[in-house]
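Some notes on the structure that comes next.
Predicted, not measured: the structure shown is a model, and the values here were computed from it. A, B, ... follow the sequence lines: proteins, then strands. Residue 1 opens every chain.
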Amino acid sequence: MSRYSAVEIERKWQDAWDKAGIFRAERSKEKPKYYVLEMFPYPSGRIHMGHVRNYTMGDVIARYKRATGHNVLHPMGWDAFGLAAENAAMDKGIHPGTWTYQNIEDMKSQLKPLGFSLDWSREIATCHPKYYQHQQAMFIDMLEAGLIYRKNAVVNWDPVDMTVLANEQVIDGKGWRSGAEVERRELTQWFFKISEFSEELLSSLDGLDDWPAKVRLMQENWIGKSRGLEFAFERTDGGEAISVYTTRPDTLMGASFVGISPDHPLAKELAENIPDVAQFRTDCAKGGTTEEALEKAEKLGFDTGIKVKHPLNPDWELPVWIANFILMDYGTGAIFACPAHDQRDLDFCRKYDLPVIDTFFALEDGTPVKNEAFVPPKTEKVKWIDHFAGIDVATGQEAIDATIDFAEAQGWGEGVTQFRLRDWGLSRQRYWGCPIPVVHCETCGVVPEKKENLPIILPEDVSFDVPGNPLDRHDEWRKCMCPTCDEQGLRETDTMDTFVDSSWYYARFTAARADTPTDPEEAAYWMNVDQYIGGIEHAILHLLYSRFFARAMQITGHLPEKAVEPFDALFTQGMVTHAIYKTTNEAGRPVYHFPEEVELRDDKGFLNNGTEVDIVPSAKMSKSKNNVVDPLNIIDQFGADTARWFVLSDSPPERDVEWTAAGAEAAFKHLSRVHRLISEIASEVDAAGSDEADQLLLKEMHKAIHDVSGGVGSFGFNAAIAKLYAFTNVLAKSKAGTKAKQQAARALVQLMSPMTPHLSEELWQILGAEGLAANAAWPVADESMLVDDTITLPIQINGKRRAEINVPADMASPEVEKLALSQDAIQKSLDGAEPKKVIVVPGRIVNVVL
RNA sequence: GCGGGCGUGAUGGAAUGGUAGACAUAUCGGACUUAAAAUCCGUGGGCCGUAUAGGCCGUGUGGGUUCGAGUCCCACCGCCCGCACCA
């Protein structure tokens, strides 16, 4: 009998599938379509465990759906534009395109041996003009449809390298290469009007039943709908009133000062004449643009000297401060501060010695709230002292609503709905991205390129020896004809955010070689994606942008109406994590070390020169952190099926998993055992089984079919695999040579086939079954075989298990109760006491309450 | 700082509010072998106990709801993800 040789088997069956062309997807009227998609990879050069996990899950679903009679589309491509290619160009002197295409080739050759049931004929790479020309065409359509516009926005500016930095390139407020303190600087940039879709993107979340609740909640909070009060504070000096927006108008009587953003028009105006204000604005502009950096920055304030009047009491004057924690992007860029009921306001008032008005809330029972920044809960009742409309006790929300009504009735304020969601800035001052197809013309302004001039192809002859966007320096490429007046114009040198590329690739896959962005018939047939699978780290941006883009494509006629939500079902897998080993260099910058450079002793890590490293115990595998584990070793050593089986069995798919090498060998041992077991069964001579034993084995088989089908169909892969282990154990112990055993063996091979497709093909053949296992219909569980005649019921006394009884499955509750109470162990525990109550949960449990 | 999530044996983990630890790994013991590997059988939360008898404790911590809580609620601790220019 031959041993399990993964290498031989896997190559052989991959060739067989290729030859049969069974994974090539075509429209069909006979079968229901099923579109399964995993988030496509960034071609970093090496596949990592996260990829293997992600694509194995998708492949299991794809193969399972094929087996259950679906016409499956399962494509693959490359999210190929991005920053890393430019870094490689700078570090290694390779052209970003060369680097990227080489990586794609390498990664494809690493993915192929895994035996995924992919339709490679639809492969796309977003950096290829055949892809991005369609993106440029859609950009023009969307620009003309009013979905795109230009405005100023802030970027990270490195004053030494004179270049824009990505957030990732800002480390502790400093440029990653120059080390210079980063400044926030305004540039004119292109934007998608995603905020116009706020309400729609929010309310449509309700229909996404097959999305994780946590993702919907995160998107809801991100869109951030709020109802609040907008009103203006009159200035005592007669200047233009300052309009503010607040979600807590009920705290207006605790107002201490009015704050404006450093980017507020008033702050800018003051800066023109007052050097201190200008200086203050400069100070505030230090550091990166992330919300995290802004929120964590030291709170800074500047008293403008301007005073405003409280809307409910003209004698009450409030000072106007410029404060760095107020965002110009949200509301009106101005607030009133209420230190008694907001911790940040309180901290600010204490720091700058501003008045803290005593609280005016009390708990429902009248207990006054001391001014330790008590945030009145929106859902709980608080006593609301009667500055406004005579309401006594109200929930926070009632108080808010009442205040808005009151302000509107008195005519000094207006209820306003606000969204936190900002428009999507798509401009990037970088080379390796899709060129934005517009021309700057002295006469005509900024005009879209003619569609027949597309694609606007990135020039090849660029250099990265100077920081900044090489397109800016490429005069030959920049100079072009204005599409409207035929005079000379200059091309836009900003390229598109790579999120644009990934916001519509799912649609392109439905007709990857079409001459237009999508093909109406193909899109109508294949959309929507039935199952989308990817990392939880994409819960907000990528998914929200894709949801927006599907709508924008629909408006511009590139997607059918039904595809308004592109992904019917979403599964967010957990990340594969690994410890990070870190030291610090002379410049104070972190240096990351590969796991194989670090020796671990007593929970501490050391480099071979003896230096101790800092250990971050568990972090997302990331190339820049040097903590990526390479799955190729496992594939080389044990084969793809072992790698696939292992990543599925080891942890629940939604949870993060800390990578350890141990366990892969165990998976290999099990597959070898299955190979041996099935081979033996195939060679066993027929023997008569006992009916009873046969029946028991077949019952186990049907239970396995039921449980594994359920697990595979609902991302319970690890539970399905546990069931397969148990079923294998039962099968191994059953009597040799019976018909039932042959049948059960075939079922086992089929049930494993989505996970271990190569091994299953091999064993399918060994068992003498017809055709390819990949083409075989999925077994169906016989419902009548799933029920047991007798069941074991635990008996509890006050919730603690004291005994168990075997009873017929259909025994009536009163009889179960009688039988339970008659048990010796129960009688002994009762010790003559009379039960207060006996709870019988049919088929589950008996609980005796004393 | 804000939003979201997670926390169960030595380890990965299982458990529609219903017997906590399925299944697997490490370990230990045994069989087979000249020996080893492979394989097979057993052991496999802690404590008491001669124990495959029985009992007590036990799902990050503290409280609550319930006949019954790993699961639901509140507070706290720790870790992870995201925060709009990493993808």
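- We find that CD of A:Gln169 is positioned 13 Å from C1' of B:A87, with the value rounded to whole Å.
- Using the six-membered ring where Trp is involved, A:His542 and A:His538 have ring planes that are perpendicular, over 60° apart on the 30 and 60° scheme.
- Residues from residues 186-194 of chain A placing a heavy atom under 4.0 Å of any atom in RNA chain B, listed by number, are A:Gln189.
- Atom CE of A:Met218 is separated from atom C1' of B:C81 by 8 Å (rounded to the nearest Å).
- One donor-acceptor pair, N or O on each side, does fall under 3.5 Å between the base of B:C83 and the side chain of A:Glu292.
- Note: A:Phe727 and A:Tyr725 fail the aromatic proximity criterion, with ring centroids not under 6.0 Å apart.
- Per the geometry, CD1 belonging to A:Ile797 stands 14 Å off C1' belonging to B:U19, to the nearest Å.
- The distance from atom CH2 of A:Trp78 to atom P of B:A87 is 17 Å, rounded to the nearest whole Å.
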Go through A:Tyr545 and A:Phe192 one step at a time and tell me if the ring pair (Phe, Tyr, Trp, His ring centres under 6.0 Å) criterion holds.
-> CA-CA 10 Å; A:Tyr545 289 156; A:Phe192 285 114; 8.3 Å; no
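- Within 4.0 Å of A:Ser672, counting heavy atoms only, lies no atom of the nucleic acid at all.
- Taking the C1' atom of each, B:G21 and B:U71 are spaced 15 Å apart, rounded to whole Å.
- Between A:Phe499 atom CZ and B:C86 atom C1' there is a gap of 8 Å when expressed in whole angstrom units.
- When rounded to the nearest whole Å, the span between CH2 of A:Trp176 and C1' of B:C85 equals 12 Å.
- Remark: A:Lys800 is not in phosphate contact with B:G58, judged by side-chain N or O atoms under 4.0 Å from OP1 or OP2.
- For A:Ile536, counting side-chain heavy atoms from C-beta on, the closest listed nucleotide (B:C83, B:C81, B:G4) is B:C81.
- The 12-atom threshold is exceeded at NZ of A:Lys723, counting heavy atoms of other residues, nucleotides or ligands nearer than 6.0 Å.
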What do the steps show when you test A:Tyr131 against A:Trp504 for ring pair (Phe, Tyr, Trp, His ring centres under 6.0 Å), and what is the final call?
-> CA-CA 11 Å; A:Tyr131 183 83; A:Trp504 72 284; 4.6 Å; yes
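- Distance CE (A:Met39) to P (B:C81): 16 Å, rounded to an integer number of Å.
- Taking the side chain of A:Lys214 as heavy atoms from C-beta on, and the options B:A22, B:A20, B:G4, the nearest nucleotide is B:G4.
- Pair assignment for B:C2 gives B:G82, based on Watson-Crick or G-U wobble hydrogen-bonding distances that are each under 3.5 Å.
- Ring-centre distance between A:Tyr532 and A:Tyr506: not below the 6.0 Å cut-off.
- The shortest distance between the side-chain N/O atoms of A:Arg673 and the OP1/OP2 oxygens of B:C40 is below 4.0 Å.
- The phosphate of B:C56 (OP1 or OP2) has no side-chain N or O of A:Arg801 nearer than 4.0 angstrom.
- In this structure, A:Leu543 atom CG and B:A87 atom C1' are separated by 13 Å, rounded to whole Å.
- Between A:Arg420 and A:Glu291 there is a salt bridge, with a side-chain nitrogen of the basic residue lying less than 4.0 Å from a carboxylate oxygen of the acidic one.
- For A:Asn718, counting side-chain heavy atoms from C-beta on, the closest listed nucleotide (B:G13, B:C85, B:C23) is B:G13.
- At a threshold of 4.0 Å, the pair A:Glu298-A:Lys351 counts as salt-bridged, since one of the basic side-chain nitrogens sits closer than that to a carboxylate oxygen.
- At a threshold of 4.0 angstrom between heavy atoms, the contacts of A:Pro652 are confined to the sugar-phosphate backbone, with no base atom among them.
- In summary, A:Asp329 and A:Lys151 do not engage in a salt bridge, as defined by a charged side-chain N under 4.0 Å from a carboxylate O.
- Residues A:Phe646 and A:Phe638 place their aromatic rings such that the two centres sit no closer than 6.0 Å.
- Residue contacts for A:Ala666: at a heavy-atom cut-off of 4.0 Å it reaches the sugar-phosphate backbone alone, with no base atom in range.
- Contacts between residues 836-850 of chain A and RNA chain B, counted as heavy-atom distances below 4.0 Å, involve A:Ile839, A:Val841, A:Arg844, A:Ile845, A:Asn847, A:Val849.
- Nucleic acid contact class of A:Phe325 (heavy atoms, under 4.0 Å, all strands): none.
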